Amino acid sequence: MTAARAEGKIQSMFAERRRRFLEGLGAHAAAVLPAAPVAIRNGDVEHDYRQDSDLYYLTGFDEPQSVALFLPDGDKEKFVLFVRPRDKDREVWDGPRAGVEGAPGQFGADAAYAISELPDRLAKCLENVRRLYFRLGRDRVVDDIVLRAVDTVRSRARHGIDWPVEVVDPGVVLHEMRLLKDE
């Protein structure tokens, strides 16, 4: 099997997982899956990075400081990645980054934005979402961004916009999917 063909097979596996996950979320829902944080040891040395298992299972994306957003009701954007932008100087030390340009092509995202845009874009994405799949308590910074976005959407209620009234751990859907292993 050629490398390109193997890569295509892997990407179709992740695409199928995302399709099943989006289906499991149901209508009027969204899921926010943040990357695992970088672990520091000895004050300034990083441990080898290990991505959050659920995020990796759905995307194959293995970079820190990123968030995957899943929107089953999205017209064009059902799978959105918020990632670190390319940075030649940092990539010398940390390794290559997909960046905003590479995330759609390499990982099948419908759209990609810089992680710095998450606070501004998330509230718009959560409009008319009733159930939010998000694991609270893992990363305080991301928790604050998500809760601020929900609060922003709630403040628009008098304009006829629904907001998330239910927060559910994504493991409810994901861990059931992950019980049955594939290749």
Side-chain angles (χ1 to χ4, degrees), residues 14 17-38 51-87 90 97-104 106-175 177:
F14 288 117
R17 289 175 179 174
R18 286 191 299 273
R19 185 196 64 73
R20 288 187 5 240
F21 180 63
L22 286 165
E23 203 172 83
L25 296 179
H28 308 293
V32 176
L33 278 77
V38 173
Q51 183 60 278
D52 175 79
S53 297
D54 291 338
L55 177 66
Y56 188 81
Y57 177 81
L58 292 172
T59 65
F61 192 74
D62 198 22
E63 294 182 26
Q65 299 173 345
S66 55
V67 170
L69 174 63
F70 298 91
L71 302 162
D73 296 334
D75 292 331
K76 296 179 183 169
E77 297 181 0
K78 292 182 182 288
F79 166 42
V80 180
L81 278 173
F82 291 87
V83 301
R84 299 175 302 174
R86 299 286 314 262
D87 181 339
R90 285 305 318 163
R97 298 178 180 182
V100 174
E101 308 79 18
Q106 293 175 28
F107 298 97
D110 298 320
Y113 303 100
I115 189 67
S116 60
E117 294 182 45
L118 179 64
D120 294 331
R121 290 185 176 271
L122 187 57
K124 181 70 176 156
C125 293
L126 295 181
E127 288 181 358
N128 297 315
V129 166
R130 300 292 290 168
R131 179 179 295 139
L132 175 62
Y133 289 86
F134 177 69
R135 187 170 292 128
L136 285 164
R138 272 221 164 137
D139 182 334
R140 182 58 190 246
V141 172
V142 179
D143 287 356
D144 289 346
I145 291 169
V146 170
L147 294 174
R148 220 173 288 119
V150 170
D151 194 42
T152 299
V153 177
R154 183 183 302 129
S155 71
R156 298 177 187 156
R158 67 186 130 170
H159 301 290
I161 295 171
D162 286 332
W163 67 90
V165 294
E166 193 177 358
V167 178
V168 180
D169 189 305
V172 170
V173 176
L174 263 175
H175 296 169
M177 288 174 55

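Only heavy atoms go into these numbers, but all of them, side chains included; no hydrogens, no water, no symmetry mates. The structure presented is a predicted model; accordingly, all values stated were derived computationally and were not measured.
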Minimum heavy-atom distance [X]-[Y], with the two atoms named:
X: V129; Y: A30; answer: CG1-N, 3.7 Å
X: V173; Y: G24; answer: CG2-O, 3.9 Å
X: A68; Y: L55; answer: CB-CD1, 3.2 Å
X: P64; Y: V38; answer: CB-CG2, 3.5 Å
X: N128; Y: G160; answer: OD1-O, 4.1 Å
X: A112; Y: A103; answer: CB-CB, 3.7 Å

Heavy-atom distance under 4.5 Å between the side chains of [X] and [Y], does that happen here?
X: Y133; Y: L25; answer: yes
X: L132; Y: V150; answer: yes
X: T152; Y: W163; answer: no
X: L69; Y: C125; answer: yes
X: F61; Y: Q106; answer: no
X: F107; Y: T59; answer: no
X: V167; Y: L136; answer: yes

Distance from [X] atom [atom1] to [Y] atom [atom2], nearest 0.5 Å?
X: L174; Y: F70; atom1: CG; atom2: CZ; answer: 8.0 Å
X: I145; Y: D139; atom1: CD1; atom2: CG; answer: 8.0 Å
X: L22; Y: K78; atom1: CG; atom2: NZ; answer: 6.5 Å
X: F14; Y: F21; atom1: CZ; atom2: CZ; answer: 14.5 Å

Under a 3.5 Å distance rule, please check whether [X] uses its side chain to pair with a backbone N or O of [Y] as donor and acceptor.
X: Q65; Y: V83; value: no
X: Q51; Y: A36; value: yes
X: D162; Y: R130; value: no

Do the side chains of [X] and [Y] get close enough for a salt bridge, i.e. N-O under 4.0 angstrom?
X: E63; Y: R97; result: no
X: R148; Y: D151; result: no
X: R138; Y: D52; result: yes
X: R135; Y: D169; result: yes

Looking at H28, I want to see if its NE2 is surrounded by more than 12 non-hydrogen atoms of other residues, nucleotides or ligands under 6.0 Å.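 Open.
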Taking the six-membered ring of F82 as reference, does the cationic atom of R121 (NZ for Lys, CZ for Arg) lie under 6.0 Å from its centre and within 45° of its axis?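 Because its charged atom misses either the 6.0 Å distance or the 45° angle limit, R121 does not stack over F82.
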Steps toward salt bridge (charged side-chain N to carboxylate O under 4.0 Å, His left out) verdict (E127, R156): CA-CA 9 Å; E127 288 181 358; R156 298 177 187 156; 2.6 Å; yes
